[in-house]
Amino acid sequence: MVTMRDVAALAGVSITTVSHVINETRPVAGDTRERVQKAIDETGYTGDAIARSLVMGGTKSLGLAVSLVSHPYFAELIAAIESEATRCGYSLVLIDTRDTPESEQAAVRMLRSRRVDGLLLTPSAGAGSLVLPELKRLGIPTVLVDRLTVAKDIDQVGPENVQATSGLVKHLAELGHRRIGIVCGKAGVATTEERILGYRLGLGRAGLKWDEALVSQSGWLAPLLDQEDPATAVVAADHLVTVGMLHEARARGLKLGTDLAVVAYDEVEWATLIEPPLTTLAQPVEEIGRTAVKLLLSRIADPERAPETIRLPPSLMHRQSCGC
């Protein structure tokens, strides 16, 4: 293993000088700095991050705990978070929560053992009773991302779900639909619950009655169509649900926008490639990622500041699957 002593010997300087160059703890003359940097490049010296953290009071790393299999949307979110963290001089340590409270707790503890300076977390359905109380008790700088809570004592940033979904229902009602359904993903997840709430709000604003038979939390479209009085329009609550709905509609020979009006929460890269093109709500994924990192760095810099909850509105991508 290459040590700081090896770098110092190759550069012809003291170990202390190498330390000052690496940790930026004291100004070093330009030519000396160049010799040290050249020696680092030649030896491939990486240093000891844990030892450096003891000196500097931080590892310049952020932890991200997120389910890597539950939703394609998270890949874009991770990329945005990593880009902003790198821009701010931090590395990102990523770990899979598998979207279960137990795996999530193990993931968060693993990140803590890596001495990350702060945590970004997309909480599972059971996080409120297991992971979040532990993080709050220990005073770990934390920001919840995408899936938010009603708590006011933690920083969080994600999409606005209620009013946005209400708007989708309103649009379908204005087109004359009276049997409007919603197909959702995993029950208990914050985004799912908020979009159902928005759906219900939209029905009320349109003067339509709530009908539990028009809500499918199984992720399947079939229950809404196999009724005596089936849905004529459907809101897909997320990316994965949308894919399943389109497969079901095709299998039944239904033409979108004509036989069945469809709108979806989450933009998909192929939305304009199907016929007719899909009406969606596009989340500001990059802005969510950037804001999450900035919020966490603000918390690290000022642990006593008041917690913030930031909701960023999605944009309506109005196309023809809704029947327009």
For this session: Using atom types as modelled and distance alone, determine if a side-chain donor or acceptor of Asp96 lies under 3.5 Å from a backbone N or O of Leu68.
Result: yes

Seminar exercise, completed: On a heavy-atom basis, the closest approach of Arg35 and Gly12 is NH2-O, 4.0 Å

For this session: Name all residues meeting the salt bridge (charged side-chain N to carboxylate O under 4.0 Å, His left out) criterion together with Arg179; count only those two or more places apart in sequence or in a different chain, and write none if there are none.
Result: Asp211, Asp229

Exercise. Under a 4.5 Å side-chain heavy-atom rule over Ile, Leu, Val, Met, Phe, Trp and Tyr, are Leu119 and Val93 clustered together?
Worked result: yes

Exercise. So with a 6.0 Å cut-off around CD of Glu286, is the heavy-atom count from everything else above 12?
Worked result: no

Exercise. So does Glu174 have more than 12 non-hydrogen atoms from other groups sitting under 6.0 Å from CD?
Worked result: yes

For this session: Treating Ile, Leu, Val, Met, Phe, Trp and Tyr as nodes and any side-chain heavy-atom pair under 4.5 angstrom as an edge, say whether Tyr265 and Leu203 lie in one connected cluster.
Result: yes

Exercise. Counting only N and O atoms by type, is there a donor-acceptor contact under 3.5 Å from the side chain of Thr142 to the main-chain atoms of Ile140?
Worked result: yes

For this session: Report the distance from atom CD of Glu275 to atom NZ of Lys255, rounding to the nearest 0.5 Å.
Result: 5.5 Å

For this session: Report yes if the side chains of Val243 and Val268 come closer than 4.5 Å at any heavy-atom pair, otherwise no.
Result: no

Exercise. In Å and rounded to the nearest 0.5 Å, what is the OG1 to CD distance from Thr279 to Glu267?
Worked result: 10.0 Å

Exercise. Does CZ in Arg305 sit with more than 12 non-hydrogen atoms of other residues, nucleotides or ligands closer than 6.0 Å?
Worked result: yes

Exercise. Do other residues, nucleotides or ligands put more than 12 heavy atoms under 6.0 Å from His318 NE2?
Worked result: yes

Exercise. Is there a donor-acceptor pair under 3.5 Å between the side chain of Gln227 and the backbone N or O of Ala213?
Worked result: yes

Exercise. Is atom CZ of Arg178 surrounded by more than 12 heavy atoms (other residues, nucleotides or ligands) closer than 6.0 Å?
Worked result: yes

For this session: Could you tell me whether the side chain of Glu104 and the main chain of Ser124 form a donor-acceptor pair under 3.5 Å?
Result: yes

Exercise. More than 12 heavy atoms of other residues, nucleotides or ligands under 6.0 Å from CZ of Arg319: is that the case?
Worked result: yes

Problem set entry | Spacing of Arg87 atom CZ and Glu84 atom CD [to the nearest 0.5 Å] | 4.0 Å

Exercise. Hey, does the side chain of Ser321 reach the backbone of Val262 with a donor-acceptor pair shorter than 3.5 angstrom?
Worked result: yes

Exercise. Any sub-3.5 Å donor-acceptor pair from Asp117's side-chain atoms to Lys60's backbone N or O?
Worked result: yes

Seminar exercise, completed: Residues passing the salt bridge (charged side-chain N to carboxylate O under 4.0 Å, His left out) test with Arg33, sequence neighbours excluded, are none

Exercise. Within a reach of under 6.0 Å around CZ of Arg252, are more than 12 heavy atoms found that belong to other residues, nucleotides or ligands?
Worked result: yes

For this session: Measure the spacing between CD of Glu212 and CG of Leu214 and express it to the nearest 0.5 Å.
Result: 10.5 Å

Problem set entry | Any donor-acceptor N/O pair, Arg195 side chain to Val162 backbone, under 3.5 Å | no

Problem set entry | Close side-chain approach of Val131 and Thr97, heavy atoms under 4.5 Å | no

For this session: State, without any angle test, whether Asp238 and Tyr73 hold a side-chain donor-acceptor pair at a distance under 3.5 Å.
Result: no

Problem set entry | Residue Lys136 excluded, over 12 heavy atoms near NZ under 6.0 Å | yes

Exercise. Is Gln156 reaching over with its side chain to a backbone N or O of Thr309, donor-acceptor style, under 3.5 angstrom?
Worked result: no

Exercise. Ignoring hydrogens and geometry, is there a side-chain-to-backbone donor-acceptor pair from Thr59 to Arg115 under 3.5 Å?
Worked result: yes

Exercise. Got a donor-acceptor contact below 3.5 angstrom from the Lys186 side chain to the Ala125 backbone?
Worked result: no

Problem set entry | From CD (Glu194) to CZ (Arg311), nearest 0.5 Å | 4.0 Å

